[in-house]
Every structure is written in C-alpha cells, then in structure tokens.
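A short write-up of the structure that comes next.
First listed ligand is number 1; within each ligand, the first listed atom is number 1. Predicted model, so just to flag it, every value in this text is computed and none were measured.
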Amino acid sequence: MSLEIPEKALQWQKKAREIADKYVRPLAQKYDRLQEYNWEATKIVAQEGLLGCFIPEEYGGADGSVLSLCLVVEELAKADSGYGVAFAVNALGSFPLLVGGTEEQKKKYLPQIASGEKLCAFCLSEKFAGSDAGGLKCRGEENDDGSWTLKGEKKWTTNGGVADIYTVFAVTDPTSRSRRISAFIVEKGTDGFTIGKSEDKMGIRCVPVVETHFDGVKLSNDQLLGGRAGLGFKHSMMTLDLARPGVAAQAVGAAQGALDLAMVYANRRRQFGKPISSFQMVQALLADMATQTEAARWLVYAAAAAADRREPNVTKRAAMAKCFATDTAVKVATDAVQVFGGYGFMEDYPIAKFYRDSKILQIYEGTNQIQRLVIARNLIKEASQLTHLDAFIPEETQDLYGATGIEFSDDDNITSTEKTRA
Ligand code: CAA
C-alpha cells in the first residue's frame, strides 16, 4: 500500500499542535485535578474548525478524513492524553451518522458537530454488555404511531453530560440474532433522558465518563438511525472500524508525550557526575520507547489511510493499530516513569498522569483481547484464500480444512454466527 499524508492533513496537524501547546498542555494538570472538562481548549478547537476534520465538506466539515482525525488527536494527546479522548470521542459519536444515517439525518446533525456548536457521545456499552456488544438490554420499542420509546441505561458514556447529541444502541427485535439492534439519535434535554453517576476515574479525568439513563424516552422515527430498524450492530462495528485508529492515535500521542519528557529529563538529571542519558541502560530504555512509538505511529497512519480509502481490510488494520499502539503507550509511559525515578511517581509532574491516562487505552473501544480476536478471525479468513500454499503444507493437515471450512472446538471463542458463516 502507498501512504502519503495529504497537505490538508498536515495543516490540521500544525493547527492542532499550536492549540495543544497553548491551550491544552498548560491546563492539563488543572483539569485532571478538578475532574472538569477543558472548555477553554474546546472553544478554540471549535473556533479553528478542528471538529470538522473528520466530517465531509458536504455536511459542513472539511475533508472527512480519518487520517486528519488521527493527526489532530495525536497532537492533542501528546499534550494531554485525556484531552485527546475528549476530542476523539466526538468522532466516535458521529461515525454512526456517517456510516448509517439518512441524508436528512446527516444534514441535520453533522454540520452542528463540525462547527463545534454541539458535541457528541456514543452509547453502546452497558453494565452487563461490554465486550459482548451484541448482548445489550436497553430496549427500543416501536409504538403504534411509528414513534419509538427508549428504555434502559448505558455505562461508560464518554463525553456524557457535555455532549448534546448521543448515538444510542438498543434492542428493537429481541427475537432476531442478526437484526436485533438499532441505533437512535437522542438529543440532550429530551424528556426521560438523564445523566446518572459520573465515574471517578484513574485517568482521563478531564473528560466525563457517566451512566446515561433512558426512562421512556419518546423518539420520532426520524431519530432511528438510517430510518430502518435492525442495522444497529453492523453500524456499531463499522463505527468502531473508523474510530479505533483515533484511539490508536491517542496512544501514539500519549507515548510521544511521555517519551519527550523522559528524553529531556534524562539529559538534565545528573547522577554519578553525569547526565543519566549517558548510561547505556537508560539509553536502551529510550531507544526502545522511541522505536516502538514510531512503529505504532505508522501502523496508525496506515490504518487511517485504509479507512479513508474504505479498504475491505480496514477492520483488521484498525484492530492491529489499536492493539499495538495502546500496548505501546502503556509500556512507554511505564518506562518513562522509570526514567524519572522517584519524581515520576509524584503527581507534581505530568509524567505520572501519562501513566494513569494510558491504561484505559487498552480497555475502551474494544479491549485489546477483543482486538486480537478480531485480528485472528481475519487471519483465519485470509488463510483460507492462500490456496497457492497448499502444496507446501503437510497433506495430513488437509483434513482440518474440509469443504465446510474450519473446524471449531467449543472453547475457540468463536460465536455461533461465525461457525454458521464458516
Ligand atoms: N463491519 C461490518 N459488519 C460487521 C463487522 C464489521 N467490522 N464486524 C461484525 N460485523 C457483522 C458480521 O458480519 C455479522 O453479520 P451477520 O449477522 O449478517 O453475519 C454480525 O455483525 C455479527 O458479527 P459477529 O458474529 O462477529 O459478532 P460477535 O457477537 O461475535 O461480536 C465482536 C464481535 C468483535 C466481539 C464485537 O462484539 C466487538 O467489537 N466487541 C467490542 C465492543 C466494543 O468495542 N465496545 C466498546 C464501546 S465504546 C467505549 O468503549 C466507550 C467510549 O465511550 C469510549
């Protein structure tokens, strides 16, 4: 594949870096301590049009590019990885509209998000349905007049409370396996929609993560995403394919932010009469941190470019980028604390915050266990296409690949849908 970063995307990156240096990094500790949203940064982010970078021009945005989104998120997260998600989650909430919305829905909501007039959130996870996104309990019931009533609650809604538009996934046909779920667009202030418990978090403390309650929320059919029921699960998966590179970009930003601090510290900190950067064990740490961060960066850009080209392998690429980059962020942030020694453990300096902020990256928008499962499922499918290699495989193994495909054991972690498909 070829990968060239368009000029437009580089301009977004530059703008994001300037905003991050001026309005994000200097305020990061304050909002982390207060557990309050950084409206100062969002005001300028909106004014400068950054929220339009992932929305196409025809809907009030700029270039509708996942790569631009990633470059912006990386810069913001480098300054404050909590603010990185505060920004990126608007894309997560908007992508259902982009992948599944009707023309009217896109024209109504996307320009408001692109201009920064309204922020967005994504409501999929529930107390009892995290990794098993198909196991939702929240219900959307159709009324006789064609309207809908939404009942249930969601957990871990990032941006909840500050967002104005919520894409909410609910069961509309409990009897169906493949068309069980639909998505709805719910606006803040709608009767019956309330914000519940606000989580007290280990990291990303400048962005609210809340429970959202839907207590008989009456919605018109215009608020059913795509105008048709039953497409919700597919839309949620397609959304995550586009959004996971953004989480991965947040991880690259966090890793680079922690690495930059560790490099500067290692040059300044003197022990045994020398800067600690002259000691080979510290050098090895820094070299690995930099190499891993750079590897993650290009995996993320490649996944984002694949998403922009709507390539068929985007699911696998997005999962690889999310998994590798977020594991890298945790490792790099941990090693950065190590370089800082005792100072790294103190909340006086931002390095401890990078460490706290990075852990969630391995969990949200699909745990890294789920990413590995998604990658492996794709590899299994790809392997069945590699028939030109059959001649080089022991004949005895051919039994495993019968006409029906792959044999699964009960503990293969592969769903019945997958078994049926194979
Ligand atoms: N694109 C389009 N369709 C897809 C798809 C994709 N990427 N992945 C699956 N589908 C389709 C399948 O083709 C299948 O369709 P049919 O029924 O027509 O055959 C259907 O969806 C069901 O697919 P699976 O059998 O693969 O579904 P599954 O139940 O095995 O689940 C999973 C797959 C990958 C585990 C999925 O449940 C998953 O990604 N889980 C993680 C969820 C997640 O990321 N949650 C985080 C939410 S956001 C958050 O963290 C909060 C926040 O605010 C930041």
Side-chain angles (χ1 to χ4, degrees), residues 73 81-82 84-96 99-100 119-136 138 154-163 166-169 173 176-181 183 199 201 203-204 207-212 230-248 250-251 303 306-307 310-320 322-323 326 360-378 380-381 408 412-422:
V73 170
S81 40
V85 66
F87 178 86
V89 76
N90 290 290
L92 175 68
S94 307
F95 284 143
V99 301
L119 300 178
C120 205
F122 178 79
C123 301
L124 178 66
S125 301
E126 298 177 1
K127 275 183 189 161
F128 302 104
S131 292
D132 181 9
L136 305 181
C138 187
K154 294 284 171 180
K155 186 89 179 155
W156 305 299
T157 304
T158 307
N159 238 11
V162 300
Y166 297 74
T167 37
V168 184
F169 293 79
D173 184 355
S176 167
R177 166 71 178 80
S178 59
R179 298 176 67 85
R180 210 172 153 256
I181 294 170
E199 306 292 351
K201 307 181 296 303
I204 62 158
V207 60
V209 172
V210 303
E211 288 178 3
T212 38
L231 301 176
F233 191 78
K234 262 193 194 342
H235 289 156
S236 72
M237 293 295 112
M238 289 160 78
T239 292
L240 290 166
D241 287 347
L242 296 180
R244 283 174 181 157
V247 180
Q250 197 196 321
R310 301 293 186 263
E311 283 182 12
N313 63 2
V314 62
T315 302
K316 184 182 78 176
R317 280 192 182 280
M320 283 175 157
K322 196 273 179 188
C323 188
T326 61
I360 188 63
L361 295 162
Q362 292 176 310
I363 299 170
Y364 61 27
E365 290 192 39
T367 63
N368 284 4
Q369 285 69 27
I370 288 293
Q371 308 308 321
R372 288 182 169 90
L373 180 136
V374 169
I375 297 163
R377 282 181 180 185
N378 278 277
I380 290 167
K381 276 188 215 147
F408 296 102
D412 269 343
N413 240 342
I414 290 172
T415 63
S416 54
T417 324
E418 191 72 29
K419 289 180 194 175
T420 318
R421 242 184 289 134

Practice problem: Just go through Q369, E365, M237 and tell me whose heavy atom is the nearest to atom 5 (C) of ligand 1. | Solution: M237
Quiz item: Which of the listed options, F169, F233, F122, holds the heavy atom that is closest to atom 21 (O) of ligand 1?
Solution: F233
Go through ligand 1 atom by atom and flag the ones less than 4.0 Å from a non-hydrogen atom of [X].
{"X": "R177", "value": "25 (O), 29 (O)"}
{"X": "S178", "value": "17 (O)"}
{"X": "L92", "value": "52 (C), 53 (O), 54 (C)"}
{"X": "T315", "value": "7 (N)"}
{"X": "G130", "value": "42 (C), 45 (N)"}
{"X": "W156", "value": "51 (C), 52 (C), 53 (O)"}
{"X": "A133", "value": "37 (O), 42 (C)"}
{"X": "M238", "value": "1 (N), 2 (C)"}

Which atom pair, heavy atoms only, marks the closest approach of [X] to [Y]?
{"X": "Q371", "Y": "C323", "answer": "CB-CB, 3.8 Å"}
{"X": "A121", "Y": "N159", "answer": "CB-CB, 4.1 Å"}
{"X": "S125", "Y": "W156", "answer": "CB-CE3, 3.8 Å"}
{"X": "C120", "Y": "N90", "answer": "N-OD1, 2.8 Å"}
{"X": "I181", "Y": "A133", "answer": "CD1-O, 4.0 Å"}

If we only count heavy atoms from C-beta on, is the [X] to [Y] side-chain gap below 4.5 Å?
{"X": "L92", "Y": "E365", "value": "yes"}
{"X": "F169", "Y": "P96", "value": "yes"}
{"X": "V73", "Y": "F87", "value": "yes"}
{"X": "E199", "Y": "E211", "value": "yes"}

Which segment of [X] sits under 4.0 Å of ligand 1 when only heavy atoms are counted:
{"X": "S125", "result": "side chain"}
{"X": "V374", "result": "side chain"}
{"X": "L240", "result": "side chain"}
{"X": "V209", "result": "neither"}

Quiz item: Do T326 and N368 have side-chain atoms, one donor and one acceptor, less than 3.5 Å apart?
Solution: yes
Could you tell me whether some N/O pair between [X] and ligand 1 is separated by less than 3.5 angstrom?
{"X": "D241", "value": "yes"}
{"X": "R244", "value": "yes"}
{"X": "T158", "value": "yes"}
{"X": "G366", "value": "yes"}
{"X": "R377", "value": "yes"}
{"X": "Y364", "value": "no"}

Quiz item: Residues two or more places apart in sequence or in another chain: which of them pass side-chain hydrogen bond (donor to acceptor under 3.5 Å, both in side chains) with K234?
Solution: none
Quiz item: Under the side-chain hydrogen bond (donor to acceptor under 3.5 Å, both in side chains) test, which residues partner S94, sequence neighbours left out?
Solution: none
Exercise. Determine, for E126 against K154, whether the closest basic-nitrogen to carboxylate-oxygen distance falls under 4.0 angstrom.
Key: yes
Practice problem: Return yes when A121 approaches ligand 1 closer than 4.0 angstrom through a heavy atom, no otherwise. | Solution: no
Quiz item: Does ligand 1 have any atom sitting under 4.0 Å from a heavy atom of G134?
Solution: no
